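What follows is a structure written as structure tokens; I'll ask about it next.
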Amino acid sequence: MSEQRERAVSPAVRDHVDNYVGGEWTTPASETSQPVVDPATGDELATVEHSTVETVDDAVQTANEAFEEWRQTPVVERVQYLFDLKTELENRIDEIATALSREHGKTIAEARGEIERGIENVEVACGMPNMMREGSGNVEDVASGMDEHAVRQPLGVFTAITPFNFPAMIPLWFLPYAVASGNTFILKPSEKVPLSSQLIFEAVDAVDFPDGVVNLVNGGAETVNTLLEHDDIAGVSFVGSSPVAKHVYETAAQHGKRVQAQGGAKNYAVVTENAAVDEAVPNIIGSVYGNAGQRCLANDVVVGVGDVYDNLREQLIDAAENLTVGAGVDEETEVGPLITDDSRERVLDLIENALEEGAELVLDGRDFEHPELDGNFLGPTLLEGVTTDMEIAQEEIFGPVLCLAEAEDLDEAIEMVNSTKYGNASSIYTESGSEARQYKYEVDAGNIGINVGVCAPMGFFHFGGRKASFFGDLHAQGEDAVNFYTEKTIQIERWYS
């Protein structure tokens, strides 16, 4: 067996996936299950059971029963658990990264970086004592003999339904803020990649949160709908595709819940004649081909403005065709496999449609075959002559495909950027302050990058898209999380002598 094959088929991280409810690991009662498959090898890593309605209800009731005592726990004591969780997660980065790389396919470096971004949110949430003061206040003598106070109060049980593409980071966007602000929490991870959550919750278990404060349930669509409709769930966070985000938003809102639902994306990067192209190209390559293109911040359409196009094109082709494709656990890999064969087929269909609509295939990764691994691989692909009326210019690709387009000037480029129904992110590469300002002002996207290809905000900033990329409340990170997880109660007092 070759060295790479041996690394790729190392022993499974966990052979069984459990729920974590009330401080105990339990095998969920289930009528259906599915395998967890390594996308680089096709090997089965574990089996995940889909929790029944009754199992989910038990978890919600457990979290609800724990809420009253947890909300009365002083906030300075609540965050001590997060300080300990941060340490536990830092000590387990390599173990979690290995599980993440094997179940998802992303490179081990990307996996480590993802976990570090998740830990960043744990660290930020440790500042909850100060964050809960923001927006609160007191006004004496608001009327004769009357004072008013605004007090932030937690709401109950919150849940997060998280996607396959960042299975370690995205749960940590939500869990720390929910519990630090006094709520209890239930995570429902993607059934495709539950092993990362198992290891994160082993860290949770080591921290020894009070029973029922932090819980994990595994499952599929039925599990999700049970959470969305449950009377004792106060709020829902979701990240995934726009059709599912819309369903989550509408269903949860109909049942009286707070909702933040992040959907899909179609992100453009614009490179102007004033750009430092040599520096922009590696940044763009990382944005497009990192995580095998499976992220909502990938700038998969790159627009060259004016005379910059030819130089940009040549440098992008050269960089893309030299990327190394393989299993994520191999340190040399730069592009891993797609999560499933169905995902690969979907990307192939988008490429084929683009060719039928007039795009030209400059770099063809469709027939890539790894010499040792039988995985869902697609080599780096590059199309040019892409126009905004093409499907591939309007729909999220979620694969290692870069689309090149041309614009005569910045105004035309901005029109192209704003042509899609999505509004998650967009980037411009320029050394001109006036171009950067115009771009920031005119582009209709929630996250704008200036010479930055993946404009993911730090944990102390909020994260949100526009148009079909987002439904409900702004994605809650940092101090903005307090607005989602707590409610201001106005207390009015009149004193009589």
Side-chain angles (χ1 to χ4, degrees), residues 8 34-46 48 100-107 110-111 114 161-170 189-196 220-221 224 238-245 262-267 287-301 323 325-329 333-355 363-370 373-383 391-403 422 424 469:
Q34 69 182 76
V36 181
V37 178
D38 184 334
T41 64
D43 295 338
E44 186 171 323
L45 302 176
V48 58
L100 172 52
S101 182
R102 295 210 63 209
E103 69 178 347
H104 175 275
K106 68 178 60 186
T107 70
E110 289 170 331
E114 172 182 340
I161 301 158
T162 57
F164 78 85
N165 59 333
F166 288 94
M169 177 182 73
I170 293 180
S190 168
E191 60 273 27
K192 296 175 183 176
V193 286
L195 297 178
S196 303
V224 170
F238 171 83
V239 179
S241 69
S242 286
V244 180
Q262 183 171 325
K266 187 63 189 179
N267 309 318
S287 171
V288 176
Y289 296 112
N291 213 43
Q294 299 172 117
R295 60 178 166 211
C296 65
L297 290 176
N299 286 316
D300 51 32
V301 180
L323 292 171
V325 181
V329 291
T333 293
E334 295 169 291
V335 180
L338 297 180
I339 186 68
T340 64
D341 188 58
D342 285 346
S343 296
R344 182 178 179 276
E345 289 299 322
R346 175 186 168 278
V347 176
L348 290 174
D349 286 344
L350 280 170
I351 295 170
E352 186 62 33
N353 289 344
L355 297 178
L363 187 61
D364 189 354
R366 293 175 297 173
D367 295 327
F368 175 87
E369 291 186 8
H370 195 281
L373 305 174
D374 185 21
N376 308 316
F377 293 108
L378 181 65
T381 299
L382 194 150
L383 296 160
E391 180 186 21
I392 204 164
Q394 293 295 320
E395 296 298 333
E396 196 166 34
I397 300 175
F398 246 55
V401 181
L402 190 157
C403 299
Y422 299 104
N424 193 39
S469 292

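Given the structure is predicted, the values throughout are model-derived calculations rather than measurements.
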Item to complete: Would you indicate whether the side-chain heavy atoms of Val37 and Leu45 approach each other to under 4.5 Å?
Response: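 No; the side chains remain at least 4.5 Å from each other.
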Worksheet item: Are the side chain of Thr333 and the backbone of Gly328 linked by a donor-acceptor contact shorter than 3.5 Å?
Response: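 A pair under 3.5 Å: no.
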Discussion item. Quick one: does any side-chain atom of Glu110 pair with a main-chain N or O of Asn291 as donor and acceptor, under 3.5 Å?
Written reply: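 Checked: pair present.
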Worksheet item: Between the side chain of Thr381 and the main-chain N/O of Gly365, is any donor-acceptor distance below 3.5 Å?
Response: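 Looks like yes, one N/O pair under 3.5 Å.
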Discussion item. Can you tell me which residue among Glu103, His104, Glu114 is in a side-chain hydrogen bond (donor to acceptor under 3.5 Å, both in side chains) with Ser196?
Written reply: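 In the set Glu103, His104, Glu114, the residue that makes a side-chain hydrogen bond (donor to acceptor under 3.5 Å, both in side chains) with Ser196 is Glu103.
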Item to complete: Side-chain contact test, heavy atoms from C-beta onward, threshold under 4.5 Å: evaluate it for Asn424 versus Asn267 and give yes or no.
Response: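 Asn424 reaches Asn267 side chain to side chain.
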Worksheet entry | Atom pair CG (Leu195) and OG (Ser101), whose distance is rounded to the nearest 0.5 Å |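 It comes to 12.0 Å.
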Item to complete: Please answer whether the main-chain N or O of Gly399 pairs with a side-chain N or O of Tyr289 as donor and acceptor at a distance below 3.5 Å.
Response: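 Not confirmed, Tyr289 side chain does not pair with Gly399 backbone.
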Worksheet item: Are Leu350 and Arg346 side-chain neighbours, meaning at least one heavy-atom pair lies under 4.5 Å?
Response: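 When only atoms from C-beta onward are counted, Arg346 and Leu350 do touch, with a gap below 4.5 Å.
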Worksheet item: Is a side-chain donor or acceptor of Gln394 paired with a backbone partner of Glu391 at a separation under 3.5 angstrom?
Response: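 Side chain of Gln394 to backbone of Glu391: no pair is present.
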Worksheet entry | Among Asp43, Thr41, Asp38, side chain to side chain contact (heavy atoms under 4.5 Å, CB included) partner for Leu373 |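 Filter result, single survivor: Thr41.
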Discussion item. Any side-chain to backbone donor/acceptor pair from Arg344 onto Leu378? Under 3.5 Å, distance only.
Written reply: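 The answer is no, because no donor-acceptor pair under 3.5 Å joins these two groups.
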Item to complete: Indicate whether any N or O donor in one side chain lies under 3.5 Å from an N or O acceptor in the other, for Gln294 and Asn165.
Response: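 No, no side-chain donor-acceptor pair sits under 3.5 Å.
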Practice prompt. Could you tell me whether the side chain of Thr340 and the main chain of Leu338 form a donor-acceptor pair under 3.5 Å?
Written response: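 Not a single qualifying donor-acceptor pair exists.
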Worksheet item: Does Lys266 make a cation-pi contact with Tyr422, if we ask for NZ or CZ under 6.0 Å from the ring centre and within 45° of the axis?
Response: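 Here Lys266 fails the 6.0 Å and 45° test against Tyr422.
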